[in-house]
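Notes for the one structure printed next.
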Amino acid sequence: MSTNKMWGGRFASGPAAIMREITPSIDFDKRLAGEDLAGSRAHCRMLATEGIISKDDGQAILGGLDTIEKEIAAGTFVFKRELEDIHLNIEARLAELIGPAAGRLHTARSRNDQVVTDFRLWVRAACIRAEEGLTVLQKALIAQAEQHLDTIMPGFTHMQVAQPVTFAHHLMAYVEMFGRDRGRFEDAKKRLNESPLGAAALAGTTFPIDRDATAKALGFTRPMRNSMDAISARDFALEYLAACTISAVHLSRLAGELVQWSTPAFGFVKLSDAFTTGSSIMPQKRNPDAAELIRGKTGRVLGDFVALATVVKGLVLTYGTDLQEDKERVFDAADTLEISLAAMAGMIADMTANPAKMLSAAEAGYPTATDLADWVVRVLKKPFREAHHIAGSIVKCAEDKGVTLDKLPLADMQAIDADITEEVFKVLSLESSVKARMSLGGTAPARVREQLAHWKAAFK
Ligand code: ARG
């Protein structure tokens with residue numbers, strides 16, 4: 001086996017066969033091709049401008065890179081495992097296309113600053129895609145919420161019926177979560193947007209390069225200040241993975257709700273045929289597969305974060321080939337998050353709520369007991385603890401009689417507290433309970449409408 005033609009100058013023999021298995025990253029880092037071409041173009045233009053390479057060589061290199069881009073787009077570019085990675089594959093092809101001038105492109109550059117430049121560009125684009133996916137999902141939730149400002153459902157704590165809320169209010173809670181998720185990608189994108197290019201192997205270069213120019217050409221806000229940090233840092237990828245993980249956790253919670261809501265026992269929503277599957281044995285089944293898969297994929301994304309954090313934790317400055325492990329984790333998390341966001345948005349847009357089922361589930365749980373206690377405090381001026389006790393006894397009585405609170409005869413309530421009057425019935429219906437929760441952020445339709453207005457303005 002001969003030595004690697006790109007770096008084998010001082011090697012007498014080739015690598016062990018197993019090295020040809022463990023070393024190559026081309027099978028996955030070919031996804032960095034576009035970023036690698038962009039980085040090389042910026043570097044080449046800078047080298048020519050600074051007179052580090054000739055204008056003619058610069059032109060030849062740029063022409064060759066254009067050809068390579070077309071070959072990759074057409075699917076005719078041959079990726080070779082013996083050339084290890086995307087950087088060496090492109091450089092080797094460039095040499096085939098333009099000859100010796102190709103060898104000048106790597107002046108004042110190392111694969112160490114090259115790979116992390118490509119990777120920052122890739123993660124930056126992934127942040128933008130995540131933000132877009134989250135926005136589409138938020139819009140789907142908002143569209144459903146608008147239909148259900150007056151649809152009453154049980155609000156749960158401890159998975160027990162707690163107080164009535166509206167379906168819109170519940171959905172808008174997720175709009176808030178996904179909005180913060182977008183903010184995390186936005187922040188990650190801002191922080192990562194500095195250029196490592198020109199850090200070279202680790203210590204900088206003896207050539208008079210212009211790092212501001214390459215940073216600007218690639219849309220970075222500035223060159224990174226410390227070349228060793230530039231080579232070694234992967235916190236940008238960790239931050240992206242952390243943001244992915246939190247989004248995946250939020251998706252998982254919503255997915256869990258859909259699984260629950262769509263069982264016949266709940267029947268709160270019907271998922272469309274497009275997002276459910278049948279059972280091979282039980283003809284009546286409509287399985288919420290998409291929701292279950294989204295929930296199931298959460299662990300993968302967290303696993304990607306844990307895997308990369310573990311790679312980075314043991315690494316002294318600056319580069320170690322350990323870092324080659326960074327890309328698959330990020331690609332996997334990005335693919336997983338993006339497909340999950342798209343499936344969730346589709347499922348939400350397509351689902352049909354069943355307000356009657358939600359209402360009867362809310363009625364079953366005496367969710368206006370707090371309203372009753374509040375009324376005893378407000379009107380009868382009793383301390384809340386005593387009012388809580390009175391309301392509890394009334395719930396017990398209603399339970400024994402098998403009626404909802406608003407159907408319990410006044411005489412029964414007065415047997416528990418003689419001061420209670422007819423007026424109490426004003427607060428015992430679910431509708432009145434919901435309408436009365438007018439505190440900021442509360443479930444009253446007027447308040448939820450404010451949330452909707454906020455988000456609609458934000459998306460203008
Ligand atoms: N394939 C390598 C990676 O993914 C590129 C950088 C290699 N640099 C080196 N000195 N071996 O990190």
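Positions are given from 1 along the sequence. Treat the numbers as computed from the prediction; the structure is a model and nothing was measured. Both counts, for ligands and for their atoms, begin at 1 and track the order of listing.
- Residue-level proximity to ligand 1 for K327 is carried by the side chain, the only part with a heavy atom below 4.0 angstrom.
- Judged by the 6.0 Å and 45° rule, R191 forms no cation-pi pair with F236.
- Close approach of ligand 1 to S25 is summarised as follows: ligand atoms under 4.0 Å from at least one heavy atom of the residue are 1 (N).
- Aromatic ring centroids of F185 and Y240 lie under 6.0 Å apart.
- Y174 does not carry R253 over the face of its six-membered ring by the limits of under 6.0 Å from the centre and within 45° of the normal.
- Looking at ligand 1, you'll find an N or O of Y319 within less than 3.5 Å of one of its N or O atoms.
- Heavy-atom proximity to D85, at under 4.0 Å, picks out these atoms of ligand 1: 1 (N), 2 (C), 5 (C).
- For atom 2 (C) of ligand 1, the nearest non-hydrogen atom of the protein is Q324 OE1, 3.3 Å.
- When only non-hydrogen protein atoms are considered, atom 11 (N) of ligand 1 lies nearest to R111 NH2, 3.7 Å.
- For atom 9 (C) of ligand 1, the nearest non-hydrogen atom of the protein is N112 OD1, 3.5 Å.
- Using a cutoff of 4.0 Å between basic side-chain nitrogens and carboxylate oxygens, E84 and R111 are scored as salt-bridged.
- Annotation: the span from R109 atom CZ to C44 atom SG amounts to 9.5 Å, rounded to 0.5 Å.
- Residues L137 and I348 have side chains in contact (heavy-atom distance under 4.5 Å, counting atoms from C-beta outward).
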